[in-house]
Amino acid sequence: MREARNLQSPISNLQSPLGFLTAYVPEELFHAAGFTPVFIFHTPDDHGYARAHLPGFTCWVVGSALDQALAGRLDSLAGMALAQTCDTVQGLTDLWQRNVPDIPLFHFGMPLRLDGPSARAYLLAELQSLRERVQALTGHPIPDDALRESIALYNRTRALVRRLYAHAADFAPSDLYARVRAAFQTPKETCNQEAGGKKQEAGGRISPLLPRSCAPLFLLAGSALADPVLFDVLAQAGTRVVGDLLDLGERYFAVDAAEDGDPLEALADRLLALVPTPTKHHHQRTRAAHLLSLVRERRAHGVIFARQKFCKPHGFDYVQLAHALDRAGVPHLLVELEQASQVGQLCTRVEAFVEMLT
Amino acid sequence: MYTAGVDVGAITAKAAIFGDGELLATAIVLAGYDRAAAALQILDQAMSQASLTREKIARLVATGYGRVQVPGADRTVTEITCHARGAHYLCPDVHTVIDIGGQDSKGIAVGAGGKVLDFVMNDKCAAGTGRFLEVMAHALEADLADFGRLALSAPRRARISSTCTVFAESEVVTHLAAGTPRPEIIAGIHDAIAARVATMVGRIPIQDTVVLTGGVAHNAGVTRMLEEKLGHTIFVPEHAQLAGAIGAALIARE
């Protein structure tokens with residue numbers, strides 16, 4: 001198997017690449033229209049172009065996406081999709097349309113209350129509207145059968161990633177998340193072909209000081225797949241990650257869409273069934289309860305919160321989750337990640353947490 | 001058995017040597033830019049004090065930001081763990097450690113035997129560190145060693161509200177231009193650093209005995225104002241700056 005870090009293709013090599021941010025974009029719909037959805041991860045490089053347009057307290061996930069676009073790094077994108085999540089992403093919607101007019105933007109509304117009485121109807125209307133806007137751009141209809149085929153393709157990828165997570169403790173965290181990130185940046189056809197039928201091989205970068213039997217087992221919580229530097233630091237500290245509550249992590253791949261029936265209803269039901277991100281609410285399916293159940297189920301020794309600086313939703317969410325963990329006696333560590341993290345200080349925090357638990 | 005701990009921090013390198021449970025020697029030097037050389041130098045000094053050669057040191061544990069650069073270390077341990085262990089040795093009743101070093105500050109909740117129960121760190125802002133005092137002492141042409149005494153001599157404290165060291169220095173310049181007496185500005189600077197550290201430490205449970213470690217522990221002004229903010233008496237052990245190295249040497253025995 002190729003080195004996991006090299007699994008993703010450059011955007012310019014993809015067929016009709018469609019960039020997206022946030023964890024609620026219905027990728028299948030764009031795929032059925034002929035696009036190749038690819039998540040726009042942040043880069044540690046900052047060209048400084050976005051700063052003129054953004055307040056100083058903007059999270060660097062959004063800041064980096066706009067910066068990359070203004071620097072011309074995303075010129076090969078055939079489109080960009082944003083789902084309604086936080087205020088910063090909402091702000092990016094306007095900024096994108098004004099400053100990146102050559103890359104068409106699709107904004108997709110997601111209800112705040114996922115269990116509200118009108119949530120499903122609202123979501124179905126939004127999906128239908130999105131379908132029509134995509135069809136208008138391409139000039140081609142998106143037949144139901146094409147949507148079902150895309151749903152089936154994405155379900156296979158989701159199943160593969162779930163299998164990966166089932167063996168998460170066999171991987172160095174850096175290798176585990178290189179594979180998960182690749183699932184967001186590689187065409188699903190390639191992803192399924194490369195990973196399917198092959199046993200996931202564990203990486204070899206785990207510290208020899210801590211064999212699996214005595215390695216600290218952690219869960220990660222936070223927003224996007226954060227800075228790869230964190231995963232390297234976790235690997236160097238000899239830890240294993242046994243699951244996560246990252247917006248773009250395990251929760252994203254946990255639920256399949258139905259492959260029969262109305263495909264828009266299938267997409268809506270999948271999005272509503274996901275564990276909510278901090279910008280959404282579900283009365284019974286709370287993030288704290290889910291995190292605690294993960295801790296018990298995976299026998300995790302602790303939780304590491306990987307919070308991106310200036311991410312307000314996860315900042316408030318942390319307070320609630322940390323309180324729930326405290327009450328349950330589960331140790332946790334908060335690390336705040338910059339656009340270009342300082343490795344030494346990150347190491348000290350993670351290593352001290354490991355020393356505290358061992 | 002002889003064991004050694006070397007703590008290479010942002011400004012100074014420290015060493016401690018234990019023999020049969022007894023602290024035999026300690027040493028401190030400026031770390032400079034060559035951390036490995038500073039580590040070797042400080043270990044040599046400590047060994048010389050204890051009349052020991054390197055072969056006699058059974059185990060060496062390195063800590064501090066430069067811990068990975070210490071030649072010949074048997075193990076590296078973070079300064080958080082080492083300061084907790086060292087503070088427990090210096091004050092067995094310790095439950096909270098506040099370590100204010102040159103580059104960062106930390107609050108550590110300590111349990112039985114000096115075990116870390118929880119910790120918080122400020123590593124993104126110089127305003128709660130020894131570097132803040134250095135910059136301000138330089139701006140005010142004051143002797144750093146005398147800075148704390150000058151702060152306590154002031155009848156009032158000037159307000160330094162900026163959370164950024166560079167902008168705080170600008171505030172100092174503004175105060176000087178307005179004719180604010182130098183001791184009041186110095187007192188304000190100490191009040192500001194105490195406020196930053198107290199806010200950070202408030203995120204962990206603070207229980208007596210509270211022990212202050214790190215280089216800034218020798219500054220009586222910061223200690224006094226931190227006591228005011230926290231509402232706890234602070235114990236400053238004789239070897240406060242050496243707590244990390246002492247903890248490392250103790251861990252080396254395990």
Side-chain angles (χ1 to χ4, degrees), chain A residues 56-57 59-60 207-210 216 227 229-230 232-234 236-239 301-311 315 318-319 321-323 325-358, chain B residues 7-10 35 61-69 73-86 97 99 101-126 128-129 163-164 200 203-205 244 247-248 250-251 254:
Chain A
F57 48 82
C59 82
W60 43 258
S207 167
L209 296 174
L210 293 171
D227 188 337
V229 168
L230 172 66
D232 290 337
V233 167
L234 289 169
Q236 288 300 319
T239 72
H301 297 118
V303 175
I304 294 180
F305 291 93
R307 192 174 75 196
Q308 280 141 11
K309 193 169 187 175
F310 300 128
C311 177
Y318 163 74
V319 177
L321 295 182
H323 185 57
L325 292 175
D326 285 339
R327 277 188 301 181
V330 180
H332 53 89
L333 171 73
L334 171 66
V335 293
E336 190 178 69
L337 299 169
E338 307 267 358
Q339 185 166 357
S341 297
Q342 299 184 47
V343 178
Q345 291 163 350
L346 203 52
C347 278
T348 297
R349 286 172 192 266
V350 170
E351 287 176 21
F353 191 53
V354 170
E355 289 164 2
M356 192 179 101
L357 298 179
T358 52
Chain B
D7 176 4
V8 182
R35 303 305 164 99
V61 166
T63 188
Y65 274 112
R67 61 188 178 276
V68 295
Q69 294 171 287
D74 295 293
R75 186 183 165 195
T76 60
V77 178
T78 65
E79 57 271 30
I80 292 165
T81 301
C82 289
H83 271 268
R85 192 67 61 85
V97 174
D99 166 37
Q103 183 170 278
D104 63 27
S105 48
K106 306 173 187 83
I108 310 167
V110 181
K115 182 171 171 51
V116 176
L117 300 179
D118 200 357
F119 65 92
V120 285
M121 262 178 93
N122 162 30
D123 57 18
K124 289 193 171 65
C125 172
T129 71
T163 54
C164 164
M200 176 197 69
R203 282 185 252 147
I204 59 167
L250 289 168
I251 290 168
E254 297 165 359

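Since the model is a prediction, treat every value here as computed from it, not as a measurement. Numbered from 1 within each chain, the chains take letters A, B, ... in sequence-line order. Values below: all heavy atoms of this structure, side chains included; hydrogens, waters and symmetry mates excluded.
- Contacts between L334(A) and chain B at a heavy-atom distance below 4.5 Å are absent for every atom of the residue.
- Smallest separation of non-hydrogen atoms from M200(B) and M121(B): SD-C, 3.6 Å.
- In terms of heavy-atom pairs under 4.5 angstrom with chain B, the leader among H332(A), M356(A), E351(A) is M356(A).
- Between T348(A) and I80(B), the shortest heavy-atom distance links the atoms CG2-CD1, 4.1 Å.
- Two residues are said to be in side-chain contact when any heavy atoms from C-beta on lie closer than 4.5 Å; P216(A) and T358(A) meet this criterion.
- With a 4.5 angstrom heavy-atom cutoff, V120(B) does not touch chain A via any of its atoms.
- Here R67(B) is the residue among R67(B), K115(B), E79(B) with the most heavy-atom pairs under 4.5 Å with chain A.
- Across all their heavy atoms, A248(B) and T63(B) have their closest contact at CB-CG2, 4.1 Å.
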